[in-house]
Each structure stands twice: as structure tokens, then as C-alpha cells.
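When reading the values below, keep in mind they use all heavy atoms of this one structure, side chains included, and skip hydrogens, waters and symmetry mates.
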Amino acid sequence: MLSIFSCSKNPENDIQYIEGYWEIKEVTMSDGSKKAYKFNETVDYININDDLKGFRKKLKPGINNTYFTSGDAEAIQLKIENNKINIYYSTPYANWKETVLEATENQLRIINDSENIYLYERYSSIELDLE
């Protein structure tokens with residue numbers, strides 16, 4: 001019975017879900033207070049290549065799968081450490097780490113060094129029939 005509970009989920013299986021377009025829905029602050037986001041002007045796009053390096057950038061969604069960006073991006077590297085996925089960010093101005101708490105097809109939960117938990121949902125673009 002103890003061996004069943006001591007088995008943990010393999011974080012490598014969650015890597016496939018991290019890439020894509022994500023919209024922030026809620027932040028739980030380290031003191032337990034929550035901030036909900038009902039509308040977002042931007043979404044996060046995360047791109048990861050085979051060596052677990054890539055980038056994250058902010059995009060403004062348009063219609064029919066179009067996006068606008070400033071071109072700025074944060075370099076990222078994923079590492080599995082202590083049976084968790086850590087995301088290391090790098091810009092010319094700062095370096096920091098976040099830890100993936102949960103990654104599924106439709107939801108992403110990340111905690112930062114300040115112990116704030118970010119809840120994201122997979123973003124679906126606005127599709128309009130313009131004909």
C-alpha cells in the first residue's frame with residue numbers, strides 16, 4: 001500500500017502541455033488572497049524546442065488566429081529538478097525561475113519565487129465568419 005502512495009507522477013509527461021497560448025485567469029498571492037482576471041488584453045505564448053529551450057512572449061490577440069506583438073521575448077529553459085518542471089527565464093535585465101505545479105491540455109499552474117500561484121487556461125482565438 002505504501003508503494004502505491006509513494007509513486008509520483010513523471011513530470012516529463014507534462015512538458016508536452018506547456019507549449020502554446022495561455023490566458024491568465026487567476027493569481028493566488030502568497031498570503032492567500034486571490035485576484036481574478038475576467039478579461040485580458042494579452043496572452044502568453046510559450047514555444048519550446050526539442051532541447052527544452054525556447055521563449056515566452058506577450059501577444060495581443062486579433063481575430064481569426066492573428067496576433068500582434070512587440071517582438072520582445074523572454075528566453076526560457078525547462079529543467080526537471082526534484083521531480084518537478086522548473087522554467088528558467090532570462091532577459092538582458094533579469095533572470096528568474098518558476099515551478100510548474102500542474103500542466104494539462106487546458107490548464108497551467110505555476111508558482112514563482114514569491115510563492116504567488118498563477119492559473120492559466122489554454123487560449124482559443126476569436127473566430128469570425130467575415131464572408
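A side chain to side chain donor-acceptor pair (under 3.5 Å) with Lys58 is found for exactly one of Asn40, Thr42, Asp44, namely Asp44.
The two atoms that bring Pro61 and Leu59 nearest to each other are CD-O, 3.5 Å, heavy atoms only. Contact detail for Trp22 and Thr104: the closest heavy-atom pair is CH2-O, 3.8 Å. Between Asn47 and Ile76 the shortest heavy-atom distance is O-CD1, 4.2 Å.
Heavy-atom neighbours of Asn95 CG from other residues, nucleotides or ligands within 6.0 Å: above the threshold of 12.
Glu23 places no side-chain N or O within donor-acceptor distance of the main-chain N or O of Tyr123, the cut-off being under 3.5 Å. At distances below 3.5 Å, at least one donor-acceptor pair connects side-chain atoms of Arg122 with backbone N or O atoms of Tyr17. Between the side chain of Asn112 and the backbone N or O of Ser114, at least one donor-acceptor pair lies under 3.5 Å. Judged by distance alone, the side chain of Glu19 and the main-chain N or O of Gln16 form no donor-acceptor pair under 3.5 Å.
Under the 6.0 Å distance and 45° angle rule, Lys79 counts as a cation-pi partner of Tyr88.
Linking Ile, Leu, Val, Met, Phe, Trp and Tyr residues whenever their side-chain heavy atoms come within less than 4.5 Å places Val100 and Trp96 in a single cluster. One hydrophobic cluster, built from ILVMFWY side chains closer than 4.5 Å, holds both Ile87 and Ile46. Leu52 is connected to Ile85 through a chain of hydrophobic side-chain contacts under 4.5 Å among Ile, Leu, Val, Met, Phe, Trp and Tyr, so both are in one cluster.
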Please list every donor-acceptor pair under 3.5 Å in which a side-chain atom of residues 24-37 meets a protein atom from a residue at least two apart or in another chain.
unit_1: Asp31; atom_1: OD1; unit_2: Ser33; atom_2: N; d: 2.9
unit_1: Asp31; atom_1: OD1; unit_2: Ser33; atom_2: OG; d: 2.7

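Between Ile80 and Ile15, some side-chain heavy-atom pair lies under the 4.5 Å cut-off.
The salt bridge (Lys or Arg N to Asp or Glu O under 4.0 Å) check on Asp14 picks up Lys9, with sequence neighbours excluded. For Glu102, the salt bridge (Lys or Arg N to Asp or Glu O under 4.0 Å) test picks out Arg109, with sequence neighbours left out.
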Glu74 and Tyr93: side-chain contact (heavy atoms from CB on, under 4.5 Å), yes or no, with the steps?
CA-CA 10 Å; Glu74 301 159 344; Tyr93 311 105; over 6 Å; no
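Ring orientation note: the planes of Tyr21 and Tyr67 are close to parallel, at an angle under 30° on the 30°/60° scale.
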